[in-house]
Amino acid sequence: MFNEKQIQEIEAHGLTVEQVEAQIEAFKRGFPSLEVVKAASPEDGITILSAEECDNAVNYYDAIAEKLEVVKFVPASGAATRMFKELFEFVNDDKRGKGIDTLVENIEKFAFYEELKATGVDLSDDKALVSAIIKAGLNYGSKPKGLVTFHNYDDGARKAIEEHLMEGAQYGASKGVSRLHFTVSPEHKEAFKALLDERVARYEAKFGIRYDISFSEQKSSTDTIAVNPDNTPFLTDEGKLLFRPAGHGALLSNLNDIEADVIFVKNIDNVTTDALRGDTIRYKKALAGVLVATQLVAFDHLKALREGRADLAEVAEFVEKKLCTKLPAEYDAALLEQLLDRPIRVCGMVRNEGEPGGGPFWVKNDDGTQSLQIAESSQISAEDMPLMKAATHFNPVDLVCGVRRIDGSKFDLMGYTDPKTGFISSKSSGGRELRAQELPGLWNGAMAKWMCLSRHSHL
């Protein structure tokens, strides 16, 4: 399929010919829908933490946090383009909706107002004002969300990335250090570093801690090949193969490089203000407390299984009630051991009030079990879509992960994905149509074979 020059291009990208051929086969075959049984609910798969249970989990985490290696992992490469879709339509196409009216009428209330004024734009010219936000001026239309000013306070405005510094200090610190890892796009990495170099000291002084901040970029070896509508390799005008970033699922490789006992995962734009942060901190600690406590019990059962002294009925009850995995009628010690010897994640859930996002569903697995998965609408067949609409909760990308084995070594997370999941979309390059492929989503198919617990509190 590929000539010698193209093979060199593939290898230079960190891929093998076999991997690229498998990607092309996935284009031809497509990705099957998940075998969804039903949406999880508070009666079946979602645990509602009472105020007392939440307190206990928080207190437990506070008591052990200093003994743990903790990292806050933040996917931060997302561009702000979609946030400003209506603004672009107004500037480029003269389409003026209610959102533009609201923006102009309340411009002084926006956190970036002082920055906008400093550009010298004529604030009485609506088109110029909006253009200065997304184009020359603030240039937010081409910046990542992390560098957009989100909130205003008496002591100054904060970018989204600064709100993560606030959070990291308050629930992600251990041994006097708050470790944060941001995945960023190469073209924006220096801007992120420059902002943090300027402002980190302020937050270190505020909280009396030290920050240990690291960055990584989406690896080219996780890219997928683009194809023509007939599934043949797409060639650029220069005659080269075209490779594209494979979505947030590609960040599993970055997550796999993190060494920690507890990893908090939260998107860059999933932040709140100081006034509401108390609930965020409380619940994040509760999720971490639930994770560590559950993991330790799983380790005890796993050890008992390996030593041949386990009560299989007791282990099975733990797997079904605590690890949200429904067993087949016939199971044995080997299956139970397999189900316990996996990475673990606790997923925070909120009530579904029409927001976009993946929700928790019971899904059939090849081993005869049913387990909880965070599923997006693109993974669900048309006939099962009523199940999606019936879901009561969704996950706002709020996870706490445990990635160590019983002996303290780290799981290879690449071995716990569902390669059958993915997404194919229509794109274009140079005015020509192409098909693009995304890897299993980071908190969807990329974690499909993890232990998955869903939690919701009354906070």
Side-chain angles (χ1 to χ4, degrees), residues 1-3 6-36 75 77-79 81-82 183 185-186 216-256 267 356-358 363 366 373-382 384 388 397 413-449:
M1 179 181 293
F2 300 107
N3 59 39
Q6 291 171 335
I7 292 174
Q8 292 175 2
E9 292 175 33
I10 291 170
E11 293 176 345
H13 220 75
L15 292 160
T16 66
V17 171
E18 291 75 19
Q19 286 174 312
V20 175
E21 287 177 341
Q23 291 173 6
I24 292 175
E25 282 303 310
F27 276 115
K28 296 176 180 177
R29 182 182 65 247
F31 293 104
S33 300
L34 290 177
E35 287 195 70
V36 177
S77 56
T81 308
R82 282 187 294 179
T183 64
S185 301
S216 64
E217 301 166 10
Q218 190 165 307
K219 301 175 183 179
S220 62
S221 59
T222 64
D223 290 352
T224 52
I225 193 170
V227 298
N228 295 304
D230 65 356
N231 296 321
T232 57
F234 183 96
L235 300 181
T236 66
D237 293 339
E238 294 78 30
K240 294 184 177 181
L241 298 172
L242 178 64
F243 294 92
R244 297 173 54 87
H248 60 68
L251 298 179
L252 181 67
S253 181
N254 303 64
L255 184 65
N256 199 35
N267 267 352
V363 175
D366 294 338
Q373 300 292 332
I374 307 300
E376 303 283 350
S377 58
S378 61
Q379 297 177 279
I380 296 179
S381 65
D384 286 336
M388 187 83 180
V397 188
L413 304 182
M414 311 309 289
Y416 296 87
T417 69
D418 181 358
K420 298 193 301 296
T421 61
F423 183 74
I424 295 172
S425 58
S426 296
K427 304 287 185 180
S428 64
S429 177
R432 294 156 51 207
E433 185 181 354
L434 61 82
R435 304 183 79 207
Q437 184 178 145
E438 291 191 7
L439 294 175
L442 182 58
W443 34 89
N444 309 120
M447 294 181 175
K449 297 179 182 177

Can you tell if the side chain of [X] reaches within under 4.5 Å of the side chain of [Y], non-hydrogen atoms only?
X: Asn267; Y: Pro75; answer: yes
X: Glu376; Y: Trp443; answer: yes
X: His248; Y: Asn444; answer: yes
X: Thr183; Y: Gln218; answer: no

Shortest non-hydrogen contact from [X] to [Y]?
X: Thr236; Y: Leu241; answer: CG2-O, 4.5 Å
X: Asp223; Y: Leu15; answer: O-CD1, 3.7 Å
X: Ser221; Y: Gly14; answer: CB-O, 3.5 Å
X: Ala250; Y: Leu439; answer: CA-CD1, 3.9 Å
X: Thr16; Y: Gln19; answer: N-OE1, 2.9 Å

Do Ser216 and Asn254 have a side chain donor and acceptor closer than 3.5 Å? yes

Is [X] reaching over with its side chain to a backbone N or O of [Y], donor-acceptor style, under 3.5 angstrom?
X: Gln6; Y: Asn3; answer: yes
X: Asn228; Y: Leu434; answer: no
X: Gln437; Y: Gln23; answer: yes
X: Asp230; Y: Thr232; answer: yes

I need the full list of ring pair (Phe, Tyr, Trp, His ring centres under 6.0 Å) pairs touching residues 10-33, with sequence neighbours left out, sorted by first then second residue. His13-Phe243

Would you check, one step at a time, whether the test side chain to side chain contact (heavy atoms under 4.5 Å, CB included) holds for Asp237 with Arg432? CA-CA 10 Å; Asp237 293 339; Arg432 294 156 51 207; 3.3 Å; yes

Using 0.5 Å steps for rounding, measure from the [atom1] atom of [X] to the [atom2] atom of [Y].
X: Gln8; Y: Glu11; atom1: CD; atom2: CD; value: 7.5 Å
X: Phe234; Y: Lys427; atom1: CZ; atom2: NZ; value: 13.5 Å
X: Leu34; Y: Asp384; atom1: CG; atom2: CG; value: 9.5 Å
X: Gln373; Y: Met447; atom1: CD; atom2: CE; value: 11.5 Å
X: Ser33; Y: Gln379; atom1: OG; atom2: CD; value: 9.0 Å
X: Thr222; Y: Leu251; atom1: OG1; atom2: CG; value: 7.5 Å

Working note: Met1 + Ile24, criterion side chain to side chain contact (heavy atoms under 4.5 Å, CB included); need CA distance, chi angles, decisive distance, verdict. CA-CA 11 Å; Met1 179 181 293; Ile24 292 175; 3.4 Å; yes

Name every donor-acceptor pair, under 3.5 Å, that has one atom in a side chain of residues 418-425 and the other anywhere in the protein, sequence neighbours excluded.
residue: Asp418; atom: OD1; partner: Lys420; partner atom: N; Å: 3.0
residue: Asp418; atom: OD1; partner: Lys420; partner atom: NZ; Å: 3.4
residue: Thr421; atom: OG1; partner: Asp418; partner atom: O; Å: 2.7

Can you sort out the partners of Glu21 under side-chain contact (heavy atoms from CB on, under 4.5 Å), two or more places apart, ordered by chain and number? Phe2, Val17

Glu25, Arg435, Arg29, Lys28 screened by side chain to side chain donor-acceptor pair (under 3.5 Å) with Asn231, the one that passes: Arg435

